[in-house]
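Here the structure is laid out as structure tokens; the discussion comes afterwards.
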Amino acid sequence: MSQQPYPFKEIESTVQRLWKEHHSFRTEINPDKPKFYCLEMFPYPSGRIHMGHVRNYSIGDALARYKRMRGYNILHPMGWDAFGLPAENAAISRNIPPATWTTDNIAHMKEQLQKLGLSYDWDREVATCLPEYYRWNQWMFLKFLERGLAYKKGGLLNWCDQCATVLANEQVEEGLCWRCKSPVELRSLEQWYLKITDYAKELHDTLDDLSGWPEKVRTMQANWIGPSGGTRINFSIIGHPGHLTVFTTRPDTLFGVTFVTIAPEHEELKTLLSSSPVREKAEAFIHETLHKRAAERNMEVTEKEGMDSGIRLLHPLTGEEVALWIGNFVVAGYGTGVVMGVPAHDTRDFEFARKYGIPVKPVISNPQATSIGNPEEAWTGSGTLMDSGIFSGLSNEEGKQAITRHLEEKGLGQSVTTYRLRDWGISRQRYWGTPIPVIYCPSCGMVPVPESELPVLLPRNVSLSGKGGSPLAEHPEFLHVKCPKCGGDSRRETDTMDTFIDSSWYFLRFTDPTNDTLPFSRQNASHWMPVDQYVGGVEHAILHLLYARFFTKVLNDIGLSPVREPFKALLTQGMVLKDGSKMSKSKGNVVDPDMLIDRYGADTVRLFTLFSAPPDKDLAWDDKAVEGAFRFLGRLSQKAHDLLAQGPMDIVPGELLSPALRLVRTKIHETIQDVSRDLAGDAQMNTAIARLMELLNTLSGVDPQTGDAERRVLHEGLVTMATLLSPFAPHLAQHLWSQLGQKGMVADTAWPSVDPEALKRDVVAFVVQVNGKLRATLMLPPATGEDELRENALGDERIQRTLEGLVIKKVVYVPGKLLNIVAGPA
RNA sequence: GCCGGAGUGGCGAAAUAGGCAGACGCAAGGGACUUAAAAUCCCUCGGCCGCAAGGCCAUACCGGUUCGAUCCCGGUCUCCGGCACCA
């Protein structure tokens, strides 16, 4: 038998042509089959695919192909998250229009993906930068506006000077811009928000129902939304009508309040200060604090600073006068932006009180305190209320409830749940995004663009300087427009939308990608939604997945989306590492997928990325280890060649096989069983592939030259191998399938089923232990009973030697598996 | 600080209704074929002791439950990830 090369290039191009001719992966709704929507996170068209993409899409494709063979009607689409900053940067540095840069990148990356042989229905391809897509962003924005879920507000915002744009809180990482890593500062600007906080409770509470999501991601989202149960308490203001409201999780410490602190940027502060004796000083302090804060954003914890505002409040229960301080440590956007200061029972308040000489009043007994008098630190544990009027003597848990109830009865407070989550700022002063469909009229004010005038097209001929400000404001034909209401001269909104909007509903568009009257029809979405399996990087665990859930809920509320949760199951794949860190251009440790495909073929690259680590773990790239996958496919290809070199053969039903060949058949069917089990549960593709390697190891012991029986068993083994391998290395699988005389496409073949006869073994290995330690393995029929097994074990020389001088005290028997003899000295 | 997750050979990793620890692959060593190399094939491959048969130790560490623990329970250490002046 001659040794043959593994002609992967020829195989892969032939098979890819075959798929194209057969339209193998075109999606058609088939009501006779259960549906399965398999989706991988669509890429940003940066120019070239990287190993992270290869891994993401290899995992998704294996699942889609497996489900297809399991008889599901598959939706497996792909598209492009095509708006974003890099296109503008490329335009500035290389003088190419963003649209051209993006389109070229898409063309190139599509070619790369096609070389991998992924089973996408390319007829459903979408690109978010096309008007056919982004007009629906605008349409949805108008729906949000109608429902009061989009609003414009001024305020201090995170500003990245480098990118010349506003960033959402979610896009600030340790004080740095998530994209360019330069420091973020605060700027006062007006911008559009989406009211995601209206959905905070549902987004949080329904996380429990997402049983197909990794625990890790659910926890991350829960922490991000950050619910916190507490009480709002009103403090009236001396010399002013109304009151200031604080939020606290410790109403039990209310009697320990010795001051109240307000955030420097709090909306009411300016008005209150008008009557303050230290107004000018306070305003200077506020100004200084806010600027310092922006500059020090990326520092760990800023030193606590504050000043007495001169304003005085009244304690709601004791009626005592309490000073209102302005403090740099109070977060304006959380709770009410005002906190009560209880230095005796809060470490921050304690630190602050010490620094400024504010009294400390303990109201919760500390069982660990060594002396009465001025404590050395805040006691934040539990204890009994003291010096708390009628509440003294209660435990602090009782105190929380009693004080809150009391405040509620008197109309001085209420029990509430606050969330850390804040509204989503979506305005961007950038060009390459969806124009916000709003017009400003001098007489009518803000006027939404009428639905019939959508899309508001993004003009092509815009000059980009990168110098800040919105580029669309420099484009007169875009900017100047007549008011839709009164026809007067007006201006368009020149901000564009955050690109996270684009990816917040693309999975719905895939169910109906060419619809030109709606973003998608409810009928098509009802058939395919929810996404049964979503696959992507864990870096999107919070932002993208939260926004997508939010959009799906809103679209459900307006009657469009048939579901409230978009993704039934989520698989977050690990990163691809090289030399211990993530592959990146800046580290110079990238491995180019094209080069690998050229050298080893797509099947090898796919197989290796799936084999080398479980999908959810990080994958350490190893150039040498790739060759293991390549060798496996080469040996498999060789084995098929060896068999076919023997010419055609007849099938003999019910043929009696030699014991050795029966064991080979057992292995074939065990492999079917094991691979099926690996893929059915948590997508253990690495072990599934290991089993296929084991099967080939077994098959390589069968020589087709020996006889017809050998050839027939080998044929069964290789046909089985082709079907089981098809999700992972689809080109070679199809090639073997055809070579072995099978009809049609292996991708459309039913997943093989186990022959229970083949699984039966004459003998199995029984483990014999003495005191829990393995001392012998006995090959006996699987049905061997306890007495018989015991007899055999005691007849074994090694067991006898071990038991010498010992008395048997007990024997444990596990049917079909094990015997443990417990023995000890007499 | 709070919340998650993970610690198994030289390396990537297997194995848990508690029952042979290290499947599969990489690397390494030895051998066959070859003028030679590549490719391929065969053997060895957690540590220690032993000529061998075999024995002892070993799943981060300490302890517990059990006939039996990588798996369950309690404690300790380390690493990774997320959030963080959130009241």
Side-chain angles (χ1 to χ4, degrees), chain A residues 3 5-6 174 214-228 230-231 246-250 253 260-261 263 293 300-304 327-331 333-342 345-349 351-352 380 418-422 538-539 541-542 577 607-608 611-614 616-629 631-632 634-635 638 674 684 686-697 700 765-777 797-798 801-802 809-814 817-824:
Chain A
Q3 204 186 304
Y6 160 39
E174 292 175 1
E215 186 64 41
K216 179 184 175 173
V217 175
R218 287 193 277 169
T219 308
M220 283 165 71
Q221 291 222 348
N223 288 344
W224 188 260
I225 300 165
S228 172
T231 307
V246 302
F247 172 75
T248 181
T249 55
R250 293 294 304 273
T253 64
V260 169
T261 317
R293 183 186 283 178
E300 279 283 298
V301 173
T302 319
E303 163 87 11
K304 283 177 188 42
N328 67 344
F329 63 95
V330 181
V331 180
Y334 182 77
T336 59
V338 189
V339 296
M340 59 187 215
V342 187
H345 305 294
D346 181 280
T347 45
R348 290 175 311 253
D349 293 345
E351 197 187 313
F352 192 78
T380 57
T418 38
Y419 294 88
R420 215 185 65 94
L421 185 71
R422 301 199 221 159
V538 74
E539 65 272 21
I542 296 175
L577 308 176
L607 195 74
F608 174 73
F611 169 67
S612 207
D616 54 330
K617 274 202 178 182
D618 285 351
L619 168 69
W621 188 263
D622 181 349
D623 289 332
K624 290 298 271 235
V626 182
E627 301 200 9
R631 276 199 283 265
F632 165 69
R635 283 206 298 141
Q638 175 73 37
D674 292 344
Q684 300 282 335
N686 54 328
T687 52
I689 292 165
R691 313 234 189 250
L692 295 178
M693 290 174 168
E694 278 182 62
L695 177 57
L696 180 61
N697 290 346
S700 62
F766 277 89
V767 170
V768 182
Q769 300 177 327
V770 175
N771 292 330
K773 287 200 172 181
L774 174 79
R775 295 300 169 184
T777 51
E797 196 194 332
R798 227 180 117 191
R801 217 177 323 119
T802 317
K809 296 184 169 163
K810 187 179 174 182
V811 174
V812 179
Y813 169 70
V814 181
K817 249 186 189 169
L818 159 144
L819 193 74
N820 186 16
I821 301 166
V822 185

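So you know, we letter chains A, B, ... as the sequences are listed, proteins then strands, and number each from 1. When reading the values below, keep in mind they use all heavy atoms of this one structure, side chains included, and skip hydrogens, waters and symmetry mates.
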For U66(B), does OP1 or OP2 lie under 4.0 Å from any side-chain N or O of Asn820(A)?
-> no

Stems in RNA chain B, runs of 3 or more consecutive Watson-Crick or G-U wobble pairs with both distances under 3.5 Å, sorted by first number, are B:1-7 with B:77-83, B:10-12 with B:24-26, B:28-32 with B:40-44, B:46-49 with B:54-57, B:60-64 with B:72-76

_So, OP1 or OP2 of C67(B): does either fall under 4.0 Å of a side-chain N or O from Lys810(A)?_
yes

The salt bridge (charged side-chain N to carboxylate O under 4.0 Å, His left out) partners of Arg691(A) (sequence neighbours excluded) come to Asp678(A)

Across all chains, not counting sequence neighbours, the side chain to side chain donor-acceptor pair (under 3.5 Å) partners of Arg631(A) are none

Check whether the side chain of Gln769(A) and the base of G19(B) form a donor-acceptor pair under 3.5 Å. yes

- Message: By the 4.0 Å heavy-atom rule, please label Val822(A) as base, sugar-phosphate, or nothing.
- Response: sugar-phosphate

With heavy atoms under 4.0 Å as the rule, sort Pro5(A) into base, sugar-phosphate or nothing.
nothing

(message) Counting the atoms with a prime plus P, OP1 and OP2 as sugar-phosphate, which does Phe611(A) contact under 4.0 Å by heavy atoms, base, sugar-phosphate, or nothing?
(response) base

Output for pair (Ile225(A) CD1, Leu421(A) CG), nearest 0.5 Å, gives 6.0 Å

Per the glycosidic torsion and the 90° limit around 0, nucleotide G9(B) is syn

Those residues at least two apart in sequence (or on a different chain) that pass side chain to side chain contact (heavy atoms under 4.5 Å, CB included) with Ser228(A) are Phe247(A), Thr249(A), Tyr334(A), Thr418(A)

Under 3.5 Å, which protein N or O atoms sit close to an N or O of nucleotides 54-58 of chain B? Give each pair with its distance.
| residue | atom | partner | partner atom | Å |
| --- | --- | --- | --- | --- |
| G55(B) | OP1 | Arg775(A) | NH1 | 3.0 |
| G55(B) | OP2 | Arg798(A) | NH2 | 3.3 |
| C56(B) | OP2 | Arg775(A) | NH1 | 3.4 |
| C57(B) | OP2 | Lys773(A) | NZ | 2.8 |

For Glu215(A), the side chain to side chain contact (heavy atoms under 4.5 Å, CB included) test, sequence neighbours excluded, returns Arg218(A), Thr219(A)

Report task. Give a yes/no on whether any side-chain N or O of Asn223(A) is located under 4.0 angstrom from OP1 or OP2 of A84(B). Result -> no

Assert: residue with more 5' nearest nucleotide on RNA chain B, out of Ala765(A) and Arg250(A), is Ala765(A)

**OP:** Determine the contact category for Gly335(A): base if any of its heavy atoms lies under 4.0 Å from a base atom, sugar-phosphate if only primed atoms, P, OP1 or OP2 are that close, otherwise nothing.
**Re:** nothing

Per atom distances to the Ala690(A) side chain, the nearest of A23(B), G19(B), A87(B) is A23(B)

>> With a 3.5 Å distance limit and no angle check, can you tell me whether Asn223(A) reaches the backbone of Gly226(A) through a side-chain donor-acceptor pair?
In response: no

By side chain to side chain donor-acceptor pair (under 3.5 Å), Gln684(A) pairs with (sequence neighbours left out) none

Sorted by chain and residue number, the salt bridge (charged side-chain N to carboxylate O under 4.0 Å, His left out) partners of Glu351(A) (sequence neighbours excluded) come out as Lys304(A)

Check your understanding: Base, sugar-phosphate, or nothing for Asp349(A), non-hydrogen atoms under 4.0 angstrom?
Key -> nothing

Hits for salt bridge (charged side-chain N to carboxylate O under 4.0 Å, His left out) against Glu694(A), two or more places apart or cross-chain, chain-then-number order -> Lys667(A)

Would you classify Glu694(A) as touching base, sugar-phosphate or nothing, given that sugar-phosphate means primed atoms plus P, OP1 and OP2, and contacts are heavy atoms under 4.0 Å?
-> sugar-phosphate

RNA chain B nearest-nucleotide lookup for Lys624(A) and Ala613(A): closer to the 5′ end is Ala613(A)

Separation of C85(B) atom C1' from Glu303(A) atom CD, nearest Å, is 12 Å

- Compare side-chain N and O positions of Ser228(A) against OP1 and OP2 of A87(B) and report whether any pair is under 4.0 Å apart. yes

Between the protein and nucleotides 38-48 of chain B, list every N/O to N/O distance that falls short of 3.5 Å.
| residue | atom | partner | partner atom | Å |
| --- | --- | --- | --- | --- |
| A39(B) | O2' | Gln3(A) | NE2 | 3.0 |

In this structure, CG of Leu619(A) is separated from CZ of Phe608(A) (nearest 0.5 Å) by 5.5 Å

Across all chains, not counting sequence neighbours, the side chain to side chain contact (heavy atoms under 4.5 Å, CB included) partners of Thr253(A) are Arg250(A), Met340(A), Val342(A), His345(A), Val363(A), Ile364(A)

With sequence neighbours left out, the residues meeting side chain to side chain contact (heavy atoms under 4.5 Å, CB included) with Ala222(A) are His204(A), Leu207(A)

In whole angstroms, the gap separating P of A87(B) from NZ of Lys304(A) amounts to 14 Å

A23(B) and A38(B): how far apart are their P atoms, nearest whole angstrom?
27 Å

